[in-house]
Protein chains: 2
Amino acid sequence: MDPKPYHHGDLRTALLASAEAELAEHGIEAFSLRQVAKRAGVSHAAPAHHFGDANGLLTALAAEGFRQFLAAQAAREAVAEQTPRARMIAAGLGYVDFATARPALFRLMHASDRPAFDTPDLGVVAKQAYDHLCAGVAAIAPGAKAADIAAVWATAHGLADLMCSGRLHSISGLPTAERDAAITDIMGRALP
Amino acid sequence: MDPKPYHHGDLRTALLASAEAELAEHGIEAFSLRQVAKRAGVSHAAPAHHFGDANGLLTALAAEGFRQFLAAQAAREAVAEQTPRARMIAAGLGYVDFATARPALFRLMHASDRPAFDTPDLGVVAKQAYDHLCAGVAAIAPGAKAADIAAVWATAHGLADLMCSGRLHSISGLPTAERDAAITDIMGRALP
DNA sequence: GTCCAATCTTGTCAGTGTCAGGATAGGGTG
DNA sequence: CACCCTATCCTGACACTGACAAGATTGGAC
């Protein structure tokens, strides 16, 4: 109940939440570490202790993003028809779900130099996401070639990226059911 | 021959070239207007006269990028078999050509908030690029639906974006002929 | 020859990331 | 209980950035 206890308690988590909020409000190009600290109610140098520097914070945030990304795919796969093909399409729907629900985070993960992917934390989850894709394709066609993986990935990623920056209103503006049907149609074309 | 004439002559063009070089070297997130000015050999406030502010410069640069983008597609289409389907695939190859040749510019055009797309200069060329895509799809199937356009766009854009950030070595690492064949294969799946 | 508009410079301001050093708290050891 | 030690957080400073204001320089129109 103290208005400002010296020790925050869980500043690391609070900073990650503040950072994502700042990212969502002002975009990554106007991202300011000092604003993040101000939002969390701490001094401008407090984040340094937990994340090293600004890129460290963004790296941790991107890793958290990849975990939510995998969760979004898993959620779609859980309610999908349990065939390799339907599961792969569900993963694509989850891909798009995440991108449209958290566009700022999506951009941080896929179009920014600031997160350090050679870090254990982020590197592991990023590889995990890629492996998940490969496994999905392999389940459909055991003899799948590199082009098959690329086709599926590019289609899902292209849809997600375009919608995330609001450039596919013809799809994203549709009612949910029709939107999902359109994505299912498009994803289906890429599958081996 | 003067080492430093007060009037540059064509500073606007020089600044655009410097800006692209800075972008390519340090990425958009470390983009600095003062570094651009220094590279062009002028004072830090000189760009303001030609572009207003930093985003104005990036807007002009993005517009220039879209012109080169359209040129890259046209170059591929010119040497392609003159059928609607082959031309559309050629446009996809041009899409990827541009993204891999100028990744920094590609990112500026597709994953940045800084260029102002509601500007006449940039707005026109961006719409021109989109219209070119729609025309290509319509030439293949006169009754093409929105999903057909989205499928083609997403595939080309996804391939380009993933390669531009170095995440599709299985394709981009191929010898030119095989690389083009793989892209042709993948693009072909999306066409109506 | 004079004036004007375009062009470029210098100087300044608030805001930013990072570093160094100091303050505070909580938990263990004697 | 007194002590210290480490993690945590703050204050202060530095160089750098984008933007603005005001002045200097240039080429050309009249």
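Nothing here was measured: the structure is a model prediction, and the numbers come from that model. A note on names: the letters A, B, ... follow the listed sequences, proteins ahead of strands, and every chain is numbered from 1.
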Can you find an N or O donor on one side and an acceptor on the other, under 3.5 Å apart, linking the side chain of A/Arg34 with the base of C/dG15?
-> no
Answer with base, sugar-phosphate or nothing: what part of the nucleic acid does A/Ala46 contact at a heavy-atom distance below 4.0 Å?
-> sugar-phosphate
Below 3.5 Å, does any donor atom in the side chain of A/His44 face an acceptor in the base of C/dG15, or the other way round?
-> no
Length of the CD-P vector between B/Glu22 and D/dT17, whole Å = 10 Å
If you find the nucleotide of DNA chain C closest to A/Ala48 and the one closest to B/Arg12, which residue's nucleotide is nearer the 5' end?
-> B/Arg12
Between B/Arg167 and A/His157, is any pair of side-chain heavy atoms under 4.5 Å apart?
-> yes
Heavy-atom distance under 4.5 Å between the side chains of A/Phe31 and A/His26, does that happen here?
-> no
A/Arg85 and A/Thr83 side chains, donor-acceptor separation under 3.5 Å | no
C/dC8 phosphate, OP1 or OP2: any side-chain N/O from B/His49 under 4.0 angstrom?
-> no
Could you give the NZ-to-P distance, from A/Lys38 to D/dC10, as a whole number of Å?
-> 13 Å
Figure out the CD1/P separation between A/Ile28 and C/dG17, and round it to whole Å.
-> 12 Å
Side-chain (B/Ser112) to main-chain (B/Arg114) donor-acceptor, under 3.5 angstrom | yes
Scan residues 51-60 of chain B against DNA chain D and write down, sorted by residue number, each residue with any heavy atom closer than 4.0 Å; if none is found, say none.
-> B/Asp53, B/Ala54
Just how far, in rounded Å, is P of C/dT16 from CD of B/Glu29?
-> 17 Å
Taking NE2 from A/His26 and P from C/dT16, how many angstroms apart are they, rounded to a whole number?
-> 10 Å
Answer with yes or no whether the hydrophobic clustering places A/Val152 together with A/Leu70; edges join I, L, V, M, F, W, Y residues whose side-chain heavy atoms lie under 4.5 Å apart.
-> no
Would you be so kind as to tabulate the donor-acceptor pairs closer than 3.5 Å made by side chains of residues 183-192 of chain B, with sequence neighbours excluded?
| from | atom 1 | to | atom 2 | distance (Å) |
| --- | --- | --- | --- | --- |
| B/Thr184 | OG1 | B/Asp180 | O | 2.7 |
| B/Asp185 | OD1 | B/Arg189 | NE | 3.4 |
| B/Asp185 | OD2 | B/Arg189 | NH2 | 3.4 |
| B/Arg189 | NH1 | A/Asp148 | OD1 | 3.2 |
| B/Arg189 | NH1 | A/Ala190 | O | 2.7 |
| B/Arg189 | NH2 | A/Asp148 | OD1 | 2.7 |

Within less than 4.0 Å of OP1 or OP2 of D/dC16, is there a side-chain N or O belonging to B/Ser32?
-> no
Gap between atoms CG and P, on B/Leu33 and C/dT9 respectively (whole Å) = 13 Å
B/Arg102: what forms a salt bridge (Lys or Arg N to Asp or Glu O under 4.0 Å) with it, not counting sequence neighbours?
-> B/Glu20
Could you tell me the separation between the NE2 atom of B/His50 and the P atom of C/dT9, rounded to a whole number of Å?
-> 9 Å
